[in-house]
Amino acid sequence: MGLFGFGKRQPEKEVSGREEASRRWKDAYRANPQIYQKKDSGAPLGNCTLTEDVDTLLPLHPQRQWAANGRPVPEWILSIVSITENRILGQLEYQEAMKRLLPFSLAKSEDWVLIRAMTHQELDGLFEGLSRQLT
């Protein structure tokens, strides 16, 4: 034992899963939905982005949360971005994406879900059995 406790290793402060999720919720990137017009019909199309290696807050039901010029935006997609390959890996229909992202969610509120930072391989796996392009 050292004098005044010097040389003794201090026990690390335990962080509960709830505290960690709360910290990550606060520090996460909050998706900034974008609204576009579909080329074929001119109908509005909403898009959110999920990027590799970034904790991200995504809206659970964007069609209820956003409108364009007072009109509802019924169709939404999620664009998946790779920083490893510096490109968009593809796009998923939004509610299908939410189902596939469920195993990667850390917490959710009434309107938002926290998706943990995902690897390139995990993001690429979201497309299993699906087309990569919707628009």
Side-chain angles (χ1 to χ4, degrees):
M1 181 168 137
L3 187 59
F4 302 110
F6 292 121
K8 281 175 108 180
R9 187 160 191 224
Q10 298 294 321
E12 290 185 24
K13 181 181 173 187
E14 266 189 50
V15 177
S16 73
R18 177 175 266 173
E19 288 173 340
E20 177 67 9
S22 177
R23 180 193 63 77
R24 289 176 82 167
W25 186 283
K26 187 181 121 229
D27 294 341
Y29 169 76
R30 183 177 292 259
N32 184 20
Q34 300 293 317
I35 310 296
Y36 302 98
Q37 278 190 318
K38 292 176 83 174
K39 290 179 185 175
D40 58 347
S41 67
L45 173 70
N47 179 62
C48 290
T49 302
L50 180 64
T51 302
E52 178 183 344
D53 291 335
V54 177
D55 285 343
T56 304
L57 285 168
L58 292 171
L60 283 170
H61 306 285
Q63 66 279 9
R64 294 185 207 158
Q65 293 169 258
W66 282 276
N69 298 325
R71 294 180 26 211
V73 180
E75 192 173 345
W76 286 82
I77 59 173
L78 183 69
S79 295
I80 309 296
V81 177
S82 166
I83 57 174
T84 299
E85 295 182 8
N86 197 27
R87 69 180 183 95
I88 296 174
L89 292 176
Q91 299 164 325
L92 295 167
E93 185 276 324
Y94 201 85
Q95 291 310 312
E96 178 63 29
M98 289 294 103
K99 289 178 203 169
R100 290 175 179 244
L101 289 170
L102 191 60
F104 305 99
S105 68
L106 297 176
K108 71 176 163 177
S109 70
E110 188 174 307
D111 294 325
W112 296 88
V113 63
L114 173 61
I115 304 299
R116 70 162 174 77
M118 295 173 64
T119 66
H120 180 274
Q121 185 176 2
E122 289 169 330
L123 289 176
D124 204 42
L126 293 174
F127 293 98
E128 190 170 316
L130 296 176
S131 169
R132 291 181 178 264
Q133 298 298 328
L134 291 176
T135 61

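Between Leu101 and Leu78 there is a side-chain heavy-atom pair separated by less than 4.5 Å. Side chains of Ile77 and Glu93 form no contact here, defined as non-hydrogen atoms less than 4.5 Å apart. Taking the side chain as every heavy atom from C-beta outward, Arg132 and Ile80 never approach each other to under 4.5 Å.
The aromatic rings of Trp66 and Trp76 sit tilted, their planes meeting at an angle between 30° and 60°.
Each salt bridge (Lys or Arg N to Asp or Glu O under 4.0 Å) pair with one or both residues in residues 96-106, not counting sequence neighbours, appears once here: Glu96-Arg100. Applying the side-chain hydrogen bond (donor to acceptor under 3.5 Å, both in side chains) rule to pairs touching residues 39-51 yields Asn47-Ser79, sequence neighbours excluded. Screening residues 57-69 for salt bridge (Lys or Arg N to Asp or Glu O under 4.0 Å), with sequence neighbours left out, gives no hits.
In terms of heavy atoms, Met98 sits closest to Pro59 at SD-O, 4.2 Å. Of all the heavy atoms in Leu50 and Met118, the pair that sits closest is CD2-SD, 4.0 Å.
Here the CD1-CG distance, from Ile115 to Asp55, works out to 9.5 Å after rounding to the nearest 0.5 Å. Distance NE2/His61 to CH2/Trp112: 12.0 Å, rounded to 0.5 Å.
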Under 3.5 Å, which donor-acceptor pairs do the side chains of residues 25-36 form with other protein atoms, sequence neighbours left out?
unit_1	atom_1	unit_2	atom_2	d
Asp27	OD2	Arg23	NH1	3.4
Gln34	NE2	Asn32	O	3.4

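Cluster note: Ile83 groups with no other residue, as no ILVMFWY side-chain heavy atom lies under 4.5 Å from it.
Among residues two or more places apart in sequence or in another chain, the side-chain contact (heavy atoms from CB on, under 4.5 Å) test is passed with Glu85 by Ser82, Arg87, Leu89, His120. Leu106 pairs by the side-chain contact (heavy atoms from CB on, under 4.5 Å) definition with Arg24, Leu114, Arg116, not counting sequence neighbours. Residues that satisfy the side-chain contact (heavy atoms from CB on, under 4.5 Å) test with Arg71, not counting sequence neighbours, are Pro44. Residues passing the side-chain contact (heavy atoms from CB on, under 4.5 Å) test with Lys108, sequence neighbours excluded: Leu60, Val113. Applying the side-chain hydrogen bond (donor to acceptor under 3.5 Å, both in side chains) rule to Thr84 yields the partners Glu52; only residues at least two apart in sequence or on another chain are considered.
A donor-acceptor pair under 3.5 Å links the side-chain atoms of Thr56 to the main chain of Val54, judged by distance alone.
Hydrophobic cluster membership is shared by Phe104 and Leu58, with clusters built from Ile, Leu, Val, Met, Phe, Trp and Tyr side chains linked at under 4.5 angstrom.
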